[in-house]
Protein chains: 4
Amino acid sequence: MQVLDDQKRLKIIAAAAELFAAQPFHKVLLSDVAEAAGVGKGTLYIYFKNKDDLYLSVLYSGFSQLLDQLRETIDQNLQDPMQNLESVIRELVRFAYQNPHMYELMRAVSWHQVAKHAEWGAKRAELRGLIESIIRQGIEGGVFDDPHPELTARFIPNLVRSVMIESSPAVDQYTLVEHILRFTRSALTAKEPKICLEK
Amino acid sequence: MQVLDDQKRLKIIAAAAELFAAQPFHKVLLSDVAEAAGVGKGTLYIYFKNKDDLYLSVLYSGFSQLLDQLRETIDQNLQDPMQNLESVIRELVRFAYQNPHMYELMRAVSWHQVAKHAEWGAKRAELRGLIESIIRQGIEGGVFDDPHPELTARFIPNLVRSVMIESSPAVDQYTLVEHILRFTRSALTAKEPKICLEK
Amino acid sequence: MQVLDDQKRLKIIAAAAELFAAQPFHKVLLSDVAEAAGVGKGTLYIYFKNKDDLYLSVLYSGFSQLLDQLRETIDQNLQDPMQNLESVIRELVRFAYQNPHMYELMRAVSWHQVAKHAEWGAKRAELRGLIESIIRQGIEGGVFDDPHPELTARFIPNLVRSVMIESSPAVDQYTLVEHILRFTRSALTAKEPKICLEK
Amino acid sequence: MQVLDDQKRLKIIAAAAELFAAQPFHKVLLSDVAEAAGVGKGTLYIYFKNKDDLYLSVLYSGFSQLLDQLRETIDQNLQDPMQNLESVIRELVRFAYQNPHMYELMRAVSWHQVAKHAEWGAKRAELRGLIESIIRQGIEGGVFDDPHPELTARFIPNLVRSVMIESSPAVDQYTLVEHILRFTRSALTAKEPKICLEK
DNA sequence: TATGAATGAGGATTCATTCAT
DNA sequence: TATGAATGAATCCTCATTCAT
């Protein structure tokens with residue numbers, strides 16, 4: 001199970017990602033994955049423990065990528081929470097449009113499965129933590145107001161999801177970013193919305 | 001395939017809902033469903049075309065129930081958009097807490113499947129339409145401001161979802177409602193958040 | 001199991017005959033038979049013990065009919081063996097054209113099954129016996145010459161079968177009768193074919 | 001579905017032939033076939049598309065064997081039609097006695113099925129064609145007289161069949177050959193049987 | 001390491017048969 | 001007698017997994 005050829009491992013993950021995104025787990029045949037990846041069926045078992053492991057690895061890989069990109073972006077923004085929030089949202093949407101499969105994929109993760117693949121759960125928590133810490137920074141800095149940052153941190157990636165998951169209306173990337181930004185900003189910054197409106 | 005005994009049909013759907021919510025699709029055995037429903041295996045095939053159809057029917061049934069409850073609530077509120085929005089959110093959360101299965105269930109719906117079960121997609125669109133029309137009413141009445149009600153309509157049910165889908169933090173129902181309300185209200189009413197903040 | 005309504009019994013047999021002739025035994029569903037006969041599925045079990053019994057009854061019925069017609073024809077010819085042989089062949093072909101199903105049906109009788117339905121085997125033997133006795137009469141009368149009438153008696157119905165079983169060439173009834181007659185007559189009467197040819 | 005190991009394929013066909021001959025199609029379990037062939041159940045599906053395909057393949061294989069043997073025999077006889085006819089009949093009977101299953105097997109072939117397995121129908125036509133061409137040669141050479149060789153070609157294999165299909169009388173191979181030869185020869189050579197007899 | 005033929009446990013589905021009405 | 005909804009035993013077939021090469 002030692003990974004010797006990372007190139008091949010990635011080829012398999014890429015092929016599997018596409019297939020898992022297009023069909024429910026039980027309709028994806030490992031023979032199809034092998035063929036799509038251009039390897040033998042047996043080879044899959046050299047790189048992955050079993051079908052479940054392959055599936056979770058696909059997700060894990062995608063998620064890791066997303067997290068790496070997010071962290072990179074945020075690091076450049078130093079400590080401006082609002083700008084960080086914007087960057088995160090922009091990056092989430094960008095990633096969603098670049099990897100249309102991923103959201104469809106995550107759809108099917110059951111927590112039943114994740115239990116067996118602890119690293120995966122960790123990554124997911126990491127994303128939440130990252131967003132949550134940005135919000136907390138904003139709160140500390142007096143820029144944001146939010147009684148439950150741990151909930152809001154869950155909301156944000158799901159706003160992207162809401163749109164990606166259903167193919168129908170084909171919102172363009174720019175509009176989606178703007179709308180989510182508008183939605184989120186107002187929720188986090190409007191300290192006294194009622195007063196504001198009354199004016 | 002004619003529906004013969006609606007009582008029995010519901011008994012099967014209820015049993016299946018529980019099982020499908022607890023395990024991924026391919027781990028749910030029809031023999032288990034039959035046993036749980038207290039009917040013979042063959043009986044399932046009198047009421048449902050096959051396993052896929054049963055699964056989608058479970059979802060459809062849950063969704064219909066939710067929609068019925070939503071509509072009932074809204075009818076009582078007459079034409080106050082803000083109150084309607086609140087009711088919808090309250091009802092969505094209430095339903096989520098009452099049917100913890102449903103969200104776990106919908107997790108696994110792929111749009112690939114839904115295509116074959118057109119009614120299902122229709123129900124889903126109906127929910128979106130219901131929320132969207134409330135927002136539009138609010139906009140017309142000058143209470144809300146939202147450049148993309150069709151996107152916001154997708155956001156709202158997903159805010160509930162974001163929390164329900166992950167079992168960990170066990171937010172209480174009341175807190176969740178309040179947070180979503182806060183989030184949504186500010187997003188829909190803050191006409192000029194930037195000005196507001198600058199003041 | 002007492003037969004009360006012979007009309008209904010015949011309706012079932014007729015419907016079953018058509019279906020059994022068109023498809024192999026295991027592809028014929030009793031629900032189809034019931035529907036084709038215009039009765040309920042349960043009704044089949046009032047008139048027949050089970051699927052096998054229905055199948056054999058269909059055959060038995062067809063065979064009985066054929067035998068009755070043959071015997072009727074022969075009785076009228078009194079004791080002329082050649083004329084009787086001709087009549088039998090003519091009648092066999094006529095029956096085959098009138099009941100195109102029957103030959104296709106008999107195709108599928110396994111002797112395994114017949115063992116359980118003794119009457120059926122008896123009918124079949126009766127047909128052979130009838131033809132054999134005509135040949136023996138001819139031999140006794142010096143008209144025929146045949147060292148193995150019991151074999152020839154098996155040949156004759158199979159000559160009809162050879163053509164009926166394959167739908168392709170669509171031989172007309174008249175030609176078929178003439179050819180079988182020619183074939184059989186020469187085989188039974190040509191006492192010294194070699195001499196005949198040398199002449 | 002590529003044929004991987006012809007040895008194994010033949011082993012399966014042989015095992016299946018025996019079982020299909022002994023019981024009607026629907027009583028033969030693929031698990032039994034697998035066990036009899038000494039392979040796993042899944043292996044059957046590597047070599048054959050499904051149960052129907054296996055069944056038809058068994059027939060096809062038997063028929064091909066018969067045809068090969070017939071052609072071999074005929075080639076050795078050069079152009080003597082009478083001798084060829086005798087050889088064919090002798091070979092047909094020999095094959096029938098050597099492969100008592102085959103006739104029982106073919107019993108159950110419906111033309112409905114054959115349509116899906118075109119090669120099979122072709123083989124069957126080939127046998128007819130082979131016999132027909134022998135008769136036509138004889139007619140051209142003035143040895144035979146037959147107004148419908150295409151019908152006679154269908155008669156001949158069925159003469160063998162008539163006896164093989166019913167287990168009861170146990171005619172010995174020699175007697176059967178002689179009787180069929182007698183029957184066929186006289187039918188094909190008796191130019192004017194009536195004149196001949198009158199003499 | 002890489003393969004893909006072989007495997008067989010597992011599960012969806014069918015359909016003859018029953019039986020309450 | 002007539003029915004057809006309900007049944008579950010029976011069986012085909014799938015497909016993840018193994019392992020000899």
Side-chain angles (χ1 to χ4, degrees), chain A residues 1-5 8 25-35 37-55, chain B residues 1-5 8 12 25-35 37-54, chain C residues 1-5 8 25-35 38-54, chain D residues 1-5 8 26-35 37-54:
Chain A
M1 254 284 299
Q2 251 330 352
V3 175
L4 296 183
D5 184 347
K8 195 167 282 186
F25 181 86
H26 69 283
K27 297 244 170 149
V28 175
L29 309 191
L30 288 195
S31 51
D32 291 346
V33 173
E35 190 180 21
V39 301
K41 233 186 317 175
T43 308
L44 301 182
Y45 285 84
I46 295 168
Y47 291 91
F48 305 94
K49 211 162 65 238
N50 53 33
K51 190 178 176 182
D52 265 27
D53 183 47
L54 169 59
Y55 178 66
Chain B
M1 256 282 302
Q2 273 296 21
V3 175
L4 305 169
D5 179 350
K8 193 165 285 184
I12 294 171
F25 182 88
H26 68 285
K27 297 244 170 162
V28 175
L29 309 193
L30 288 196
S31 49
D32 292 346
V33 174
E35 191 178 18
V39 301
K41 238 181 312 175
T43 308
L44 300 182
Y45 287 85
I46 296 173
Y47 291 90
F48 305 94
K49 226 177 34 248
N50 52 34
K51 192 178 175 181
D52 266 25
D53 184 46
L54 170 58
Chain C
M1 254 283 301
Q2 253 327 355
V3 175
L4 297 183
D5 184 347
K8 195 167 282 186
F25 181 85
H26 69 282
K27 296 244 172 150
V28 175
L29 309 191
L30 289 195
S31 51
D32 291 346
V33 174
E35 189 180 21
V39 302
K41 234 186 316 175
T43 309
L44 300 182
Y45 285 83
I46 295 169
Y47 291 90
F48 305 93
K49 210 163 65 238
N50 53 33
K51 191 178 175 182
D52 265 27
D53 183 47
L54 169 59
Chain D
M1 257 285 300
Q2 274 295 22
V3 175
L4 307 169
D5 180 350
K8 192 163 287 185
H26 68 284
K27 297 244 171 164
V28 174
L29 309 194
L30 289 197
S31 49
D32 292 345
V33 174
E35 192 178 17
V39 301
K41 237 182 313 174
T43 308
L44 300 182
Y45 288 86
I46 296 173
Y47 292 90
F48 304 94
K49 226 179 30 249
N50 52 34
K51 192 177 175 182
D52 267 25
D53 184 47
L54 170 58

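Atoms considered below: every heavy atom in the structure, side chains included; atoms not considered: hydrogens, waters and symmetry mates.
Judged by closest nucleotide on DNA chain E, G42(A) is the one of G42(A) and T43(D) placed further toward the 5' end. Nearest-nucleotide assignment on DNA chain E puts the 5′-proximal partner with G40(D), out of G40(D) and S31(B). Between G38(C) and G38(B), it is G38(C) whose nearest contact on DNA chain F lies nearer the 5' terminus.
Using modelled atom types, one side-chain atom of K51(A) and one backbone atom of V28(A) make a donor-acceptor pair closer than 3.5 Å.
Judged by Watson-Crick or G-U wobble contacts below 3.5 Å, the nucleotide dT14(E) has dA9(F) as its partner. Within the shown strands, dT3(E) is the pairing partner of dA20(F) under the Watson-Crick or G-U definition, both distances less than 3.5 Å.
Nucleotide dT14(E) holds its C1' atom 13 Å from the CG atom of L30(B), rounded to whole Å. In this entry the distance linking OH of Y45(B) with P of dT14(E) reads 7 Å, nearest Å. To the nearest angstrom, P of dC15(F) lies 15 Å from CG of L44(A). Atom CD1 of I12(B) is separated from atom P of dA5(F) by 14 Å (rounded to the nearest Å). dT17(F) atom P lies 10 Å from atom CG of L54(A), rounded to whole Å. In this structure, I46(B) places its CD1 atom 13 Å from C1' of dT17(E), rounding to the nearest Å. Protein atom NE2 of H26(C) is 11 Å distant from nucleotide atom P of dA16(E), rounded to whole Å. Between the CG atom of D32(D) and the P atom of dC12(F) there is a distance of 9 Å, given to the nearest Å.
Within the model, atoms NZ of K8(C) and CD1 of I46(C) stand 8.0 Å from one another, a figure rounded to the nearest 0.5 Å. Note that OG1 of T43(B) and CG of L30(B) are 12.0 Å apart. Values are rounded to the nearest 0.5 Å.
Among the nucleotides dA6(F), dT7(E), dT17(F), the one closest to the side chain of K41(A) is dT17(F). For K51(B), the listed nucleotide lying nearest its side chain is dT13(E); candidates were dG4(E), dT7(E), dT13(E). Checked against dA6(F), dA6(E), dC13(F), the side chain of D5(D) finds its nearest nucleotide in dA6(E).
Note on K8(A): a side-chain N or O is less than 4.0 Å away from OP1 or OP2 of dA2(E). Within the 4.0 Å cut-off from OP1 or OP2 of dA6(E), at least one side-chain nitrogen or oxygen of Y47(D) is found.
Between Y55(A) and F25(A), the ring planes are perpendicular. Angles over 60° get that label, and only those under 30° would be called parallel.
Within 4.0 Å of V33(D), counting heavy atoms only, lies no atom of the nucleic acid at all.
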Run the salt bridge (Lys or Arg N to Asp or Glu O under 4.0 Å) check on D32(B) and K27(B) step by step: do they pass? CA-CA 10 Å; D32(B) 292 346; K27(B) 297 244 170 162; over 6 Å; no
